[in-house]
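Comments concern the structure below.
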Amino acid sequence: RTVSRPRFQTLHLAQADAYIVDEVHMLSTPAFNALLKILEEPPAHLMFILATTELHKVPATIKSRCQQFSFKRILPGQIAQRLGYVAQQEGIDLTEEGAALLSRLADGGLRDALSLLDQCAGGGQRVDEQEILDTLGLAGNLETAKLMGQLAQRDTAAALETLSRLYRNGKDVGSVLSELSGLARDLLLRKTAPRGGAALLTGGYDESTMRALGEQFTAQRLLQILKTLQETLTELSRSVKKTWRKRNNRNCNKRRRFC
């Protein structure tokens, strides 16, 4: 019985045949049963390489007959170094700051970093931090950083004006609070673990902006801001649910009247 649905990519390795099944967790139950029969008594010349991003969806009977190798995220410094090499080979004018920003945005994936570099270098212009933010549509993050700076200066009037402008431009308040929370988390990581926490940064902000904001906050105040933002997000979610329930009940009552 053959395993249906997935497409196999055959590689000829010496006297062995290797079948790579990508996203193996997408196989149907009959396909898994057929694969299990092969894995129980595999021919000497046959090898299966099963790749998945959701290991918990693979049946235990399959996992118990396989050797597991977990891929790890690549460190931002290594990604930035590789991007610099690729840019040099391809004649792309990539700055060190731009490579560092792309490495953070890639979140540990070299392929994603190369895709972002290719996207930003499409116009043949110099790829620096500002160009990356504009090309990837992250220029709005600068408004969030500006709002955080106003919070650092305790300028309530300016902060409310910025928040109002973002809201008028279609920015959801919950999204603004989430971005502020992520930015406060990044600043706290840079403050408490400048080297070890580099791989945990969400990215999306240039180095000069992060450095300027970091100088305006203490770790204690960042913790306080982060706690307040998270509590506000929780309360906002509850408030939205209550409003939805009230509107739903009101609509139900109206329907009953018309009936």
Item checked: Intermediate values then yes/no, side chain to side chain contact (heavy atoms under 4.5 Å, CB included), Leu105 and Ile132 -> CA-CA 10 Å; Leu105 291 172; Ile132 293 170; 4.1 Å; yes
Checklist line | Full working for side chain to side chain contact (heavy atoms under 4.5 Å, CB included) between Asp112 and Asp107 | finding: CA-CA 8 Å; Asp112 293 339; Asp107 192 26; over 6 Å; no
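Looking at every heavy atom in both residues, Cys120 comes nearest to Leu102 through SG-CD2, 4.4 Å. Of all the heavy atoms in Lys191 and Ala219, the pair that sits closest is CG-CB, 3.9 Å. Looking at every heavy atom in both residues, Phe32 comes nearest to Leu27 through CE1-O, 3.4 Å. Between Cys66 and Leu50, the shortest heavy-atom distance links the atoms SG-CD1, 4.0 Å. Across all their heavy atoms, Leu151 and Arg221 have their closest contact at O-NH2, 2.7 Å. Summarising the geometry of Ser103 relative to Leu83, their closest heavy-atom pair is N-CD1, 4.3 Å, with the distance given to 0.1 Å.
Between the side chains of Arg168 and Ser164, a donor-acceptor pair is found at a separation under 3.5 Å.
Checking each of Lys63, Glu23, His25 against Thr52 for a side-chain hydrogen bond (donor to acceptor under 3.5 Å, both in side chains) leaves exactly one that passes, namely His25.
In this structure, the side chain of Asn33 engages the main chain of Thr29 through a donor-acceptor pair within 3.5 Å. Judged by distance alone, the side chain of Gln224 and the main-chain N or O of Gln220 form no donor-acceptor pair under 3.5 Å. Between the side chain of Ser181 and the main chain of Leu177, no donor-acceptor pair closer than 3.5 Å is present. Using a distance-only test at 3.5 Å, with no hydrogens or angles considered, no donor-acceptor pair links the side chain of Arg185 to the main chain of Leu226.
Dense packing is recorded around CD of Gln153, with more than 12 heavy atoms of other residues, nucleotides or ligands lying under 6.0 Å away. Counted within 6.0 Å of CD on Gln125, heavy atoms from surrounding residues, nucleotides or ligands total more than 12; the atom is thus considered enclosed.
Interatomic distance, Leu183 CG to Leu147 CG, rounded to the nearest 0.5 Å: 9.5 Å. How far CG of Leu163 is from OG1 of Thr156: 12.0 Å, rounded to the nearest 0.5 Å. We find the CD-CG distance between Glu96 and Leu101 to be 13.5 Å, quoted to the nearest 0.5 Å. Between Leu233 atom CG and Thr228 atom OG1 the span is 11.0 Å, to the nearest 0.5 Å. Distance CE/Met148 to CG/Leu213: 7.0 Å, rounded to 0.5 Å. Taken to the nearest 0.5 Å, the CZ atom of Arg165 stands 4.5 Å off from the NZ atom of Lys146.
Under the 4.5 Å side-chain heavy-atom criterion for grouping Ile, Leu, Val, Met, Phe, Trp and Tyr, Leu35 is not connected to Met26 through any hydrophobic cluster. Under a hydrophobic clustering in which Ile, Leu, Val, Met, Phe, Trp and Tyr are joined whenever their side-chain heavy atoms come within less than 4.5 Å, directly or via other members, Ile225 and Leu160 fall into different clusters.
Glu90 places none of its side-chain heavy atoms less than 4.5 Å from the side chain of Leu117. The shortest side-chain heavy-atom distance between Val176 and Thr144 does not fall under the 4.5 Å cut-off.
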